[in-house]
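Below is one structure, written out as C-alpha cells; comments come after it.
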Amino acid sequence: AQSVTQLGSHVSVSEGALVLLRCNYSSSVPPYLFWYVQYPNQGLQLLLKYTSAATLVKGINGFEAEFKKSETSFHLTKPSAHMSDAAEYFCAVSADNTDKLIFGTGTRLQVFP
Amino acid sequence: GAGVSQSPSNKVTEKGKDVELRCDPISGHTALYWYRQSLGQGLEFLIYFQGNSAPDKSGLPSDRFSAERTGGSVSTLTIQRTQQEDSAVYLCASSLAAVLNTEAFFGQGTRLTVV
C-alpha cells in the first residue's frame with residue numbers, strides 16, 4: 001500500500017526565510033504526488049502536483065517541489081516566506097493506480113515577522 | 001454548483017445518536033471521497049466512490065460508519081450510535097477522475113461534536 005510521511009508537525013520560519021516542508025512517500029509503482037494547503041478556517045486547496053512530466057514542479061504562491069526517486073521524497077520549498085503562507089500543508093499520494101488520495105499527517109507552518 | 005457543498009457545517013449530537021452528513025460534489029465529477037480530520041491526525045481516508053464501481057470502504061473505522069452515493073451524485077455519510085471519539089471534521093472531496101492525478105476539490109467540511 002502507498003503512504004506518505006511528513007517529517008515535522010510544526011515548522012516555524014521568519015518572514016523572508018526559506019521554507020522547507022518534508023514529505024517522503026512509499027510506493028511500489030510510480031506515484032502521483034500532491035501538496036495541498038489549508039489556510040485557517042478554509043478548505044483544502046491544491047498547491048501543486050507531480051505528473052511525471054518534470055521532476056521540478058512549480059505551484060501557486062511561489063511554492064515548488066522536487067520529485068527525487070532515489071530519495072523517495074517530494075519536499076515542498078519556497079525561497080522567501082510571507083506572513084500569508086501561515087497554514088497547514090498536506091502531502092498526498094494517489095494509491096494503486098486509482099485516484100484514491102492518501103494524505104500525510106500535515107505540517108503546520110508558522111511565519112514570524 | 002460552483003464547488004463541493006457539505007451540510008451541515010456544524011453538528012452537535014449526543015452520544016449514542018445517529019447522524020447524517022451530506023455532500024454535494026461538483027457537477028460531472030465521477031469520484032467522491034470522504035475524509036476525517038482530527039487534531040494531529042491529518043486526513044484519515046474513510047471511503048472512495050468512483051463512477052459505478054463498488055466503493056472502496058477500506059478506511060471506515062467501524063461498522064457504525066456507512067456511506068452511500070445516490071445516482072452518482074450526492075453522498076451521505078452516516079454514523080450510527082455516535083461516540084465521543086467520532087468528534088472531528090468530516091471532509092468531502094470530488095474529482096473528475098477521468099485520468100489519474102486529477103485534482104480533488106474539497107468542501108468546507110462538517111464539524112461534528114459528540115457530547
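Hydrogens, waters and symmetry mates play no part in the numbers below; they use all other heavy atoms, side chains included. Protein chains get the first letters and strands the later ones, always in sequence-line order, with residue 1 at the start of each. Since we're looking at a predicted model, the values are computed, not measured.
Neither the backbone nor the side chain of B:E44 comes within contact range of chain A; no heavy atom of the residue lies under 4.5 Å from a heavy atom of that chain. For B:F105, no part lies near chain A; criterion is any non-hydrogen pair under 4.5 Å. Residue contact with chain A, scored on non-hydrogen atoms closer than 4.5 Å, is absent for B:A31. With a threshold of 4.5 angstrom between heavy atoms, B:S53 does not approach chain A through any atom at all. Neither the backbone nor the side chain of A:Q6 comes within less than 4.5 Å of any heavy atom in chain B.
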Could you go step by step and tell me if A:I102 and B:F45 meet the side chain to side chain contact (heavy atoms under 4.5 Å, CB included) rule?
CA-CA 7 Å; A:I102 303 299; B:F45 168 77; 4.3 Å; yes

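Within the 3.5 Å criterion, the main-chain N or O of A:F103 finds no donor-acceptor partner in the side chain of B:Y35.
Counting heavy atoms of neighbouring residues, nucleotides and ligands inside a 6.0 Å radius, atom CD of B:E14 does not exceed 12 of them. Atom CZ of B:R69 is surrounded by more than 12 heavy atoms from other residues, nucleotides or ligands within 6.0 Å.
Of all the heavy atoms in B:E103 and A:L46, the pair that sits closest is OE2-CB, 3.3 Å.
Distance check: B:L43 CG to A:L44 CG gives 5.5 Å after rounding to the nearest 0.5 Å.
Of the listed residues A:P31, A:G43, A:S9, the one with more heavy-atom pairs under 4.5 angstrom with chain B than any other is A:G43.
Both A:L109 and A:L48 sit in one connected hydrophobic cluster of ILVMFWY residues. Membership requires side-chain heavy atoms under 4.5 Å apart, directly or through other members. Linking Ile, Leu, Val, Met, Phe, Trp and Tyr residues whenever their side-chain heavy atoms come within less than 4.5 Å leaves A:L56 and A:L76 in two separate clusters. Hydrophobic clustering keeps B:L21 apart from B:I26 (ILVMFWY residues linked when any side-chain heavy atoms are closer than 4.5 Å, directly or through intermediates). Connection of A:L7 to A:F34 is not established within any shared hydrophobic cluster, with ILVMFWY side chains joined at heavy-atom distances below 4.5 Å, either directly or through further cluster members. B:I47 and B:L91 sit in two unconnected hydrophobic clusters of ILVMFWY residues. Membership requires side-chain heavy atoms under 4.5 Å apart, directly or through other members.
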